[in-house]
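Everything numeric in this text was worked out from a predicted model, so none of it was measured. Order of the sequence lines fixes the chain letters, A, B, ..., with proteins taken first and strands second; residue numbering starts at 1 for each chain.
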Protein chains: 2
Amino acid sequence: MTASTPRSRHSRTAATPTTAPEDVVLPGKATINDIARLTGVSKKTVSRVINNSPLVHPETREKVLALMKQLGYVPDPQARGLAFRRSFLIGLVYDNPTAQFIVNMQYGALDALRDSGYELVVHPCDSSKDDYIDGVRRFAQQQKLHGVILIPRVSEDEQLATALREIGVRYVRIASIPLDEAASMVVTHDRQAGSEAANYLESLGHRNIGLITGPRRYRSTIERGGGFLSGLDARGIELSPDYIYEGGYTFDSGVAGAEYLLAKSPRPTAIFACNDEMAAGVYKAAMRRGLSIPGDLSVVGYDDSPLASQLWPALTTIHSPIRDLGHMAAQMLLSDDPSPTGAVASPRTVTPRLVVRDSSQRPKG
Amino acid sequence: MTASTPRSRHSRTAATPTTAPEDVVLPGKATINDIARLTGVSKKTVSRVINNSPLVHPETREKVLALMKQLGYVPDPQARGLAFRRSFLIGLVYDNPTAQFIVNMQYGALDALRDSGYELVVHPCDSSKDDYIDGVRRFAQQQKLHGVILIPRVSEDEQLATALREIGVRYVRIASIPLDEAASMVVTHDRQAGSEAANYLESLGHRNIGLITGPRRYRSTIERGGGFLSGLDARGIELSPDYIYEGGYTFDSGVAGAEYLLAKSPRPTAIFACNDEMAAGVYKAAMRRGLSIPGDLSVVGYDDSPLASQLWPALTTIHSPIRDLGHMAAQMLLSDDPSPTGAVASPRTVTPRLVVRDSSQRPKG
DNA sequence: CTGAAAGCGCTTACAG
DNA sequence: CTGAAAGCGCTTACAG
């Protein structure tokens with residue numbers, strides 16, 4: 001039945017009698033040879049059309065394009081890949097962020113790849129094992145990837161970037177500071193966002209504040225936490241190191257961090273957790289102690305994952321446009337212009353914004 | 001500096017004089033021709049070794065294998081794919097389950113693909129759009145996928161399965177009942193698990209129970225909910241339709257369902273939610289009403305996602321081994337034996353188990 | 001057990 | 001603007 005649609009389309013008025021008599025058989029099975037033969041040009045010309053070469057007469061192009069459409073022809077990515085010496089696959093390399101983060105990133109990348117002929121291949125890895133770079137290298141090399149998207153924490157690994165550069169694989173790194181040339185970076189201004197959280201809590205009147213950071217080896221920790229601290233500092237609030245807890249971006253570490261902070265005297269009236277998972281842990285610890293949120297304790301998270309609006313009360317947090325980041329990264333990889341034009345001196349950046357919900361208010365006292 | 005590592009590796013002790021003089025150049029760039037030439041056999045023989053053909057003299061095989069290892073040769077998947085007329089890619093097709101579910105499924109599938117030379121390509125889709133089957137078909141066809149893994153709800157779509165069968169693409173469907181021949185199915189005994197939840201709550205002494213199901217169009221809804229109801233029934237408890245709420249497997253629908261059920265009189269002393277997200281919604285509704293869990297209300301979920309242990313109190317739930325399911329499905333796709341041997345009459349099955357945590361106890365009265 | 005020829009569906013030089 | 005030849009790195013028949 002799919003045959004009828006194209007058929008009706010080319011029931012044109014006695015024109016182009018040279019085309020397909022009854023060659024219109026199995027859709028999706030046509031090759032470049034069929035297109036060339038039926039259209040009366042050479043393979044090479046068809047190839048030029050496929051690759052958008054300007055060196056094709058408009059009329060020729062139209063004719064070829066028309067037949068391709070009619071036959072539902074799509075060039076075989078494998079054959080093209082073999083000839084091109086690279087594939088039409090984009091790799092997504094990551095090391096154990098939260099499920100929501102991964103999935104959003106994937107959706108974002110796929111948004112950009114839709115109808116491009118490129119597909120997304122996922123490659124989780126364990127950056128704590130020292131042969132993980134080999135693993136990524138083999139992955140990229142064997143699959144002859146068109147490019148890879150690197151997200152924190154692997155995006156922060158200079159050695160990985162170097163290894164990829166050496167084998168000539170394009171990459172885009174998503175990170176909270178510019179670590180590479182502009183053409184290979186998407187930067188999230190985590191520092192500025194952290195500072196915004198600080199301003200917000202200060203403006204509510206909080207003076208006694210606790211901070212739960214991520215692991216020290218994450219760049220985002222330095223940016224989010226550092227931005228928060230310098231934001232407070234700019235408003236004349238100095239946060240004692242006692243009130244800073246190094247978490248692990250996990251729920252459990254959020255619980256532990258809150259247990260620690262809430263046992264302090266004076267007890268903080270607000271806690272900024274550097275991701276939502278840890279903020280959820282803070283909720284648990286607060287509840288266990290019979291503290292109400294936001295009555296006794298204001299909580300601010302980071303990420304704005306679905307979790308944030310599912311907590312009760314709904315979590316005030318920093319919205320990180322993860323999906324957009326994935327979109328941008330994939331798009332950069334697809335753009336035909338890999339040459340680092342001096343024109344694009346500054347890397348693409350995104351600034352997360354504060355979303356105020358119900359977990360924060362003025363302190364009681 | 002990475003150059004030094006491989007260099008030291010092949011500074012061999014004057015051995016293997018017949019092999020590569022100084023042909024050992026760029027690792028990963030050797031081709032079947034190099035192997036054939038340096039080893040003194042034909043391409044075809046090397047090809048036989050690659051494909052584990054028994055028609056190779058053991059000594060020849062050893063010789064070839066040794067050189068391949070020495071040169072770090074790996075056959076080009078693209079070239080093999082072109083000749084084989086299929087790729088070494090496995091597709092994962094899904095329609096918007098929770099992030100945790102997707103990610104676990106991906107990890108499971110990747111567990112099975114590790115070092116197999118196959119890669120995982122993700123393909124989310126929207127089964128509510130009527131052209132989604134076309135999308136999946138094009139995806140599978142253009143990429144010449146080796147096979148696809150279908151997870152609920154798309155796994156339950158007979159039309160999708162038919163479309164895939166028509167274009168000759170292998171698939172494995174993960175679903176809660178056997179919908180296809182054994183070789184294409186992984187079955188989760190959701191019914192039995194639902195029934196286990198019922199037995200548990202009954203044994204605690206609950207008589208007044210609420211049920212929040214998934215959307216009717218999901219097969220899992222019928223199995224989980226139906227299993228629960230028949231489990232209660234077997235123990236002499238009849239659940240009035242008033243106490244059944246059709247949710248949407250989302251957090252918000254869990255809230256709505258609980259609002260509905262908790263307004264009933266008599267108020268249920270226990271609620272079974274057909275996934276953890278909805279159970280989390282029940283928590284929110286209960287808290288808003290000032291009801292304590294499990295004091296005033298016992299809650300049982302389904303999935304055992306990380307969320308379950310992050311809620312407070314920790315959620316009693318049914319553990320669904322999602323990662324294992326992904327593993328099994330991918331493994332089935334890789335197994336060389338696509339022929340449905342009558343021997344394997346029954347499909348692979350997995351039975352989720354109850355995990356008792358802190359959200360359930362005997363009713364107060 | 002082994003190999004020479006042809007082909008998978010495209011593209012790259014090289015000519016015109 | 002267009003094309004004939006050779007090649008990308010493998011495999012399938014077909015012989016032996």
Side-chain angles (χ1 to χ4, degrees), chain A residues 26-65 67-68 71-89 117-118 141-144 146 336, chain B residues 23 26-65 67-68 71-89 117-118 141-144 146 168 336:
Chain A
L26 306 172
K29 294 217 35 165
T31 76
I32 195 174
N33 290 307
D34 300 326
I35 304 292
R37 181 169 36 85
L38 296 174
T39 206
V41 302
S42 73
K43 282 162 66 167
K44 179 57 203 167
T45 295
V46 178
S47 174
R48 287 200 180 87
V49 172
I50 292 173
N51 294 291
N52 286 315
S53 161
L55 305 175
V56 181
H57 191 91
E59 262 180 35
T60 310
R61 180 190 308 280
E62 284 315 316
K63 192 169 56 172
V64 171
L65 244 22
L67 184 63
M68 297 200 308
L71 298 190
Y73 167 77
V74 179
D76 181 331
Q78 231 146 21
R80 291 186 81 194
L82 185 59
F84 268 142
R85 287 167 193 73
R86 66 168 187 80
S87 72
F88 292 86
L89 301 175
Y118 286 80
Q141 205 155 224
Q142 281 173 27
Q143 299 300 324
K144 302 208 223 68
H146 176 257
D336 283 336
Chain B
D23 276 270
L26 307 172
K29 295 218 36 165
T31 77
I32 196 174
N33 290 309
D34 301 324
I35 304 291
R37 181 169 37 84
L38 296 173
T39 206
V41 302
S42 74
K43 282 163 66 168
K44 180 56 201 167
T45 295
V46 177
S47 175
R48 286 198 181 89
V49 172
I50 292 172
N51 293 290
N52 286 314
S53 161
L55 304 176
V56 181
H57 190 89
E59 261 179 34
T60 310
R61 180 189 307 282
E62 285 315 315
K63 194 170 56 176
V64 171
L65 245 22
L67 184 64
M68 296 199 313
L71 298 190
Y73 167 76
V74 179
D76 181 330
Q78 230 147 22
R80 292 186 81 196
L82 184 59
F84 269 141
R85 288 167 193 72
R86 67 167 186 78
S87 73
F88 292 84
L89 300 174
Y118 286 80
Q141 205 156 224
Q142 281 174 27
Q143 299 300 323
K144 301 208 224 64
H146 175 255
D336 284 335

If you check the B/Thr31 side chain, which of C/dC1, D/dC10, D/dT2 turns out closest? D/dC10
Using atom [atom1] of [X] as one end and atom [atom2] of [N] as the other, report the distance to the nearest whole Å.
{"X": "A/Leu82", "N": "C/dC8", "atom1": "CG", "atom2": "C1'", "value": "9 Å"}
{"X": "A/Arg86", "N": "C/dC10", "atom1": "CZ", "atom2": "P", "value": "15 Å"}
{"X": "B/Gln143", "N": "C/dG9", "atom1": "CD", "atom2": "P", "value": "16 Å"}
{"X": "A/Asn33", "N": "C/dC10", "atom1": "CG", "atom2": "C1'", "value": "9 Å"}
{"X": "B/Met68", "N": "D/dC10", "atom1": "CE", "atom2": "P", "value": "10 Å"}
{"X": "A/Asp76", "N": "C/dC10", "atom1": "CG", "atom2": "P", "value": "6 Å"}
{"X": "A/Asn52", "N": "D/dC1", "atom1": "CG", "atom2": "P", "value": "15 Å"}
{"X": "B/Asp34", "N": "D/dG9", "atom1": "CG", "atom2": "C1'", "value": "10 Å"}

I'd like to know whether A/Arg80 forms a side-chain contact (heavy atoms from CB on, under 4.5 Å) with A/Ile50, so could you lay out the CA-CA distance, the side-chain angles of the two residues, the decisive distance to 0.1 Å, and finally the verdict. CA-CA 10 Å; A/Arg80 291 186 81 194; A/Ile50 292 173; 3.8 Å; yes
Taken to the nearest 0.5 Å, the spacing of A/Thr39 OG1 from A/Leu65 CG works out to 10.0 Å
First locate atom CZ of A/Arg48, then atom NE2 of A/His57, and finally report the distance between them rounded to the nearest 0.5 Å. 14.5 Å
Decide yes or no for [X] and [Y]: does some side-chain heavy atom of the first lie under 4.5 Å from some side-chain heavy atom of the second?
{"X": "A/Met68", "Y": "A/Val49", "value": "yes"}
{"X": "B/Asp76", "Y": "A/Leu82", "value": "yes"}
{"X": "A/Val64", "Y": "A/Ile35", "value": "yes"}

Output yes when at least one side-chain N/O atom of B/Thr60 is less than 4.0 Å from OP1 or OP2 of C/dT2, else no. yes
[N] to [M] separation - [atom1] atoms, rounded to the nearest Å:
{"N": "C/dT11", "M": "D/dG3", "atom1": "C1'", "result": "14 Å"}
{"N": "C/dA4", "M": "D/dC10", "atom1": "C1'", "result": "15 Å"}
{"N": "D/dA13", "M": "C/dC1", "atom1": "P", "result": "22 Å"}

The single option from B/Lys144, B/Gln142, B/Gln78, B/Gln143 that satisfies side chain to side chain donor-acceptor pair (under 3.5 Å) with A/Gln78 is B/Lys144
Summarise protein proximity over nucleotides 11-16 of chain D in one line of letters, 5' to 3': B for base, S for sugar-phosphate only, - for none, counting protein heavy atoms closer than 4.0 Å. BB----
Dot-bracket pairing map - DNA chain D, Watson-Crick plus G-U, both contacts under 3.5 Å, | cross-strand: |||.||||||||.|||
If you draw the axis of the six-membered ring of A/Phe84, does the NZ or CZ of A/Arg86 fall within 45° of it and under 6.0 Å from the ring centre? yes
Determine yes or no for a side-chain-to-main-chain donor-acceptor pair under 3.5 angstrom, with B/Arg61 supplying the side chain and B/Ser53 the backbone. yes
